[in-house]
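Single-structure report; data block below.
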Amino acid sequence: MLLKKIYTLVFIRKESQILLGMKKRGFGMNKWNGFGGKVEPNEQIIDAAARELKEECCLDVKTSNLKNIGHLEFTFEGDSTMMDVRVFATDIFEGTPSETEEMAPKWFKHDQIPYDDMWLDDRLWFPYMLKGKLFYGRFHYQGFDKILNYHIEELESM
Ligand code: 6OG
């Protein structure tokens, strides 16, 4: 039996750039990623998405401006927990990205995404996101540096 835990992952876009954060601690430390984390009990997923974005890089978004663009599921060999990650994006936000204890934000051009310093799965599904497609992906990892198998598909709707 897999125990599912729901996470959020938010990407802020500006012209042809995307905001990533260097994770300074915890799971995924020293990797660039979007902003997000665990959904708290009794919290709506979309509210968690906006909350985590604010906590991690000080940007404000209205939940009505967050678009659910993807769904990712991660499992790890020998671990009975599934990370169920809901991916959101928006180009409507307020504030200036600022470094926090958790993340150091930086804008990247679409052709300069630092895949070598990101989760291995990112290079497989980022192209869908960057082309504005909706997507579903599942990835089964062995450790944190090897994907044993995966599946990705473009979705018509979320
Ligand atoms: P906290 O531990 O910070 O939430 N996350 C992943 N993101 C990508 N791109 N690839 C993965 O491959 C990931 N596994 C987890 C979900 C963890 C944050 O990291 C994301 C959350 O936004 C394995 O609370």
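Order of listing sets the numbers, starting from 1, for every ligand and every atom in it.
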Shortest protein heavy-atom distance from atom 20 (C) of ligand 1, along with the residue and atom involved: N33 ND2, 3.8 Å
Among protein heavy atoms, which sits nearest to atom 18 (C) of ligand 1, and what does the distance come to when rounded to 0.1 Å? G36 O, 4.2 Å
Quick one: sort the F93 and W107 rings into parallel, tilted or perpendicular, breaks at 30° and 60°. tilted
Between G137, G37, G34, which one has a non-hydrogen atom sitting closest to atom 24 (O) of ligand 1? G37
Modelled atom types, side-chain donor and acceptor of H140 and T75, under 3.5 Å: yes
For Y136, the ring pair (Phe, Tyr, Trp, His ring centres under 6.0 Å) test, sequence neighbours excluded, returns H71
Closest to atom 2 (O) of ligand 1 (judged by heavy-atom distance), picking from W32, W119, F27, W125: F27
Salt bridge present between K54 and D60 (N-O < 4.0 angstrom): yes
Given the options R25, K23, K24, E101 meets salt bridge (charged side-chain N to carboxylate O under 4.0 Å, His left out) only with R25
Would you mind running through ligand 1 and noting each atom that sits below 4.0 Å from a heavy atom of F76? 23 (C)
May I ask you to check whether W32 and F108 place their ring centers less than 6.0 Å from one another? yes
For F76, ring pair (Phe, Tyr, Trp, His ring centres under 6.0 Å) partners two or more places apart: Y141, F144
Enumerate the atoms of ligand 1 whose separation from the nearest heavy atom of M83 is less than 4.0 angstrom. 14 (N), 15 (C)
How far apart are the C-alpha atoms of L59 and L19, what are their side-chain angles, what is the distance that settles it, and do they pass the side chain to side chain contact (heavy atoms under 4.5 Å, CB included) test? CA-CA 11 Å; L59 290 184; L19 187 69; 3.8 Å; yes
F126 atom CZ: more than 12 heavy-atom contacts under 6.0 Å: yes
Examine the side chains of H151 and E153 and answer whether a donor and an acceptor come within less than 3.5 Å of each other. yes
With heavy atoms and a 4.0 Å threshold, my read on which part of M118 contacts ligand 1 is neither
So, does Y141 sit close enough to ligand 1 that a heavy atom of it is under 4.0 Å from the ligand? yes
Among all protein heavy atoms, pick out the one at the shortest distance from atom 9 (N) of ligand 1; state its residue, atom name and that distance to 0.1 Å. D122 OD1, 2.6 Å
Would you mind running through ligand 1 and noting each atom that sits below 4.0 Å from a heavy atom of E102? 3 (O)
Polar contacts were defined as any N/O atom of the residue lying under 3.5 Å from an N/O atom of the ligand; does this apply to K23 and ligand 1? yes
Under 4.0 Å to a heavy atom of K38 - the qualifying atoms of ligand 1, by number: 24 (O)
The option among D121, T8, V85, I6 carrying the non-hydrogen atom nearest to atom 10 (N) of ligand 1 is D121
Which residue owns the protein heavy atom closest to atom 13 (C) of ligand 1, what's the atom, and how far is it? F74 CE1, 3.6 Å
Using heavy atoms and a threshold below 4.0 Å, how should the contact between F144 and ligand 1 be classified: side chain, backbone, both, or neither? neither
Under 4.0 Å between heavy atoms, the region of E52 that gets near ligand 1 turns out to be neither
